[in-house]
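Each remark here refers to the structure printed beneath this line.
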Amino acid sequence: MTDPLLDSLNPRQHQAVTAGDGQILVLAGPGSGKTRVLTRRLAYLIERKNIPAYDIIAVTFTNKAAREMENRVVNMVQRSLEGIWLGTFHAMCARLLRREANYLPYKSNFVIFDADDQEALVKRAIRDLKIDEKTHRPAGVHAAISAAKNDLLLPADMPIRTYRDEVVARVYTRYQELLQTNNAVDFDDLLLLAARLLQEHPGVAEKYARRFQHVLVDEFQDTNLAQYELLKQLSSYHRNIFVVGDEDQSIYRWRGADYRNMQRFEKDFPQCEKILLEQNYRSTQNVLDAARQVIDRNRNRTPKHLFTEKGAGSKLIQFTAVDEVAEASFVVDTIQQYLASRRAVASDFAVMYRTNAQSRIIEEAFIHARIPYRLIGAQRFYGRREVKDMIAFLRLVENPADEVSLLRVIAVPPRGIGEKTISGLQAAAFRAGISAGEVLLDLGRKGPDSAYWAEIGRSAALLADFGSLLDQWQSLRDQISLISLFDRIIADVGYEPYINDMSEEGNDRWENVQELRRLAYDFQEKGLTEFLQNLALVSDQDTIPANGIEEPQDRSQGAVTLLTLHAAKGLEFNQVFIIGLDEGLLPHSRSRDDPEEMAEERRLFYVGMTRAKNQLYLLRAERRSSFGSWDYSEPSRFLQDISDDLMLVQGKRSVSRRDSRLDDMRWVTTGVSSTPRTVYKTTAALPESKYKPGMRVRSASFGEGLILESKIDSDGEETVDVHFESVGFKRLLASLANLEILS
DNA sequence: TCGCCAAGACTTTTT
DNA sequence: GTCTTGGCGA
């Protein structure tokens, strides 16, 4: 008899799924069936061990992973999953905190501030304390506060060794005060507050620890101290904790993740059972061997010997392009060749890069070649102004104390409320000891009878108008549906004509608002609070369709996926291009001086490599344009770790110089012809430029300098980039500059 | 108060 | 080259 739960598992997977009670540590290499083990384990506990779903907590890092697990388990078990705690760390913590809000200085309907809100609030804290914003950048201070929170440190616990530490501690203190008055928490607080709540209230900790007979954790290598502590607390009674992870895929150090939690786990639970999953079901042996050559240089890890039954497969291909445009066109040309020969469809491909900024050139190339692509991440939807505006209106209805949202929309669209009026409102709120939102509501309800009317003076009527709108929305909130509320807000403030000026961009903006409205549809039942929490906790990862399920669409061929290496974790593609294998980019220059950071760059590359099922392309460019001039770079050190027998090195494309007339031609790849040819550029037909890089020149106005670059545009006009000793970089028209050639 | 323009900063990864 | 910020005029 075959058992659908245990069917087709390899011996190691089987061992993990059916492991007994206690602490289980599964070291799962890439492509080794990690998700499968986790979902089967969950199903096994419920179905075979008769553990009520209610007594289980399973945590992941992304909503997508949680959803995927849920969907799979639902299909495997007869029983209902009702009552299970299955979700992301952040969502599970939010649930815990809302339930136990009476132990906290927050109301249970607190809002969750996203990255932008957090930075705005840090900025405000810095200004409140009259600290210089230039020397203490809000982003940097926020990063320091976030790091402290991930290490479970409150402002009072901050070690102070330098003046900077002292500044950070003060801002942190003020920042927390502001969050509290806004009835808001940030991402890190969700973890920190939950962990500390359990630490400080043994009664509460025991309640949850007794309930959760089994704790399951995905991506354990990415946990930070707060998460680790939380898991320990939750599993402290039954002591059944099942974690799955891979040190080699830990890529969130900068977010406080510590892969050594894997080792800490072994120390904290010496009797734990450790299971190694090494059989890979994704990649060819060549890809695995190359990946291993890269990752084996890291220390402090459990060596793994990934193997596959797929066979060697084809060699990796390395290509050196002359610049980032040539790099992009190699990607596009190669994909077109596959598509033309019908050996692949667009969705088989992924292009991965270290920094989001690299996506633009690639995007342009895809647009020109008319290959459909989808871009993951880069805040493209939730970061949009119009989307944030609408969310801010909704958050204000939910929680008028949310001053960040209030300030965001109080003058949107412009309604005569400016800086002065706002500071008057804030001053009145401060004196009354209540939030600005409450003052606004009072003005709206009572008009001239409000105690604040006279205090604020001239502009009180304008504030009262907006306050009255807010008041109406609040009372409508429980009477009408979420969608109706949404529409009502748009109508009341005249948002549509404000953002949609009928231009193409205006239409896009309005489309985004409509998209948000569609998202609200799914929360008609669950309500505003849930909708807002969901908006705060969705990640870009969550927009990637689940494995195997293609978007219901149009282009039956799907689209090429463009994404950062970070976003690639957990995914797989037939053909993978990793671009930008240059020193300074991958590994990134910011990791240069820190061995731990460098090791993480290596892991990041490893994660990217192991996404490839069949073919892996590694690309680099000898130079890249960075605002104005060219950056030249060496090949990434990681390339040198891959042995010659695994990799084919291809010649570079011959473009000797960037020329604006070629920019138009560059993309003229022949999409219709059956053999799309690479367009090779030559310099033969070009008019000679008078000035050449490296020449020394003298200018009447700037003195002596060195030619960095020279190009001729379509009118035959020559533009030169010169570095002058006196004034540095200048871009000049050769015909006007009258440069004298010295050498 | 608001919109326009110029100068300046800016590129690491994101729940 | 692009996005944000701040200053200035209407």
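Chain A is the first sequence line, chain B the second, and so forth, proteins listed ahead of strands; every chain is numbered from 1.
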*How far apart are the C-alpha atoms of A:Arg602 and A:Asp248, what are their side-chain angles, what is the distance that settles it, and do they pass the salt bridge (Lys or Arg N to Asp or Glu O under 4.0 Å) test?*
CA-CA 9 Å; A:Arg602 194 176 280 284; A:Asp248 294 336; over 6 Å; no
*Using a 4.0 Å heavy-atom cut-off, write out nucleotides 2-11 of chain B from 5' to 3' as B (base contacted by protein), S (sugar-phosphate only) or - (no contact).*
S-------BB
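Distance, A:Phe113 CZ to B:dT15 C1': 17 Å, rounded to whole Å. Counting to the nearest Å, the C1' atom of B:dT13 and the CG atom of A:Leu585 are 12 Å from each other. Spacing between atom CG of A:Leu97 and atom P of B:dT15 amounts to 20 Å, rounded to whole angstrom units. Going from atom CG of A:Asn224 over to atom P of B:dT13 covers 20 Å, rounded to whole Å. A:Glu600 places its CD atom 12 Å from the P atom of B:dT14, with the value rounded to the nearest Å. The interatomic distance linking A:Arg602 (CZ) with B:dT12 (P) rounds to 21 Å, in whole Å. One can place CG of A:Leu586 at 11 Å from C1' of B:dT12, the figure rounded to the nearest angstrom. Atom CE in A:Met352 sits about 16 Å away from atom P in B:dT13, given to the nearest Å.
Within the 4.0 angstrom heavy-atom criterion, no nucleotide atom of any strand lies near A:Ser589.
In this structure, the nucleotide among C:dG6, B:dT14, B:dT12 sitting nearest to the side chain of A:Arg354 is B:dT12. Side chain of A:Asn356, nearest nucleotide from B:dT14, C:dG6, B:dT12: B:dT14. Residue A:Trp254 places its side chain closer to B:dT14 than to any other of C:dT2, B:dT15, B:dT14. Proximity note for A:Arg360 (side chain, C-beta onward) versus B:dT15, B:dT14, C:dT2: the nearest is C:dT2.
Judged by distance alone, with hydrogens and angles left aside, the side-chain atoms of A:Asn298 form a donor-acceptor pair with the main-chain N or O of A:Ala599 at under 3.5 Å. With hydrogens and angles ignored, the 3.5 Å screen pairs no side-chain donor or acceptor of A:Gln426 with any backbone N or O of A:Ala436.
At a threshold of 4.5 Å between non-hydrogen side-chain atoms, the residues A:Glu119 and A:Phe113 do not count as touching.
Between A:Thr564 and B:dT14 there is a side-chain polar atom (N or O) within less than 4.0 angstrom of OP1 or OP2.
Sequence order on DNA chain B of the closest nucleotides to A:Gln118 and A:Ser591 puts A:Ser591 first from the 5' end. Looking at which nucleotide of DNA chain B each of A:Phe89 and A:Glu601 is closest to, the 5′-most match is held by A:Glu601.
Under the 30°/60° scheme for interplanar angles, the aromatic rings of A:Phe110 and A:Tyr106 are found to stand perpendicular. Ring orientation note: the planes of A:His566 and A:Tyr252 are tilted relative to one another, at an angle of 30° to 60°. A:Tyr495 and A:Phe393 have perpendicular rings, their planes meeting at more than 60° on a 0 to 90° scale where under 30° would count as parallel.
For the P atoms, the distance from C:dG6 to B:dT11 is 16 Å, rounded to whole Å.
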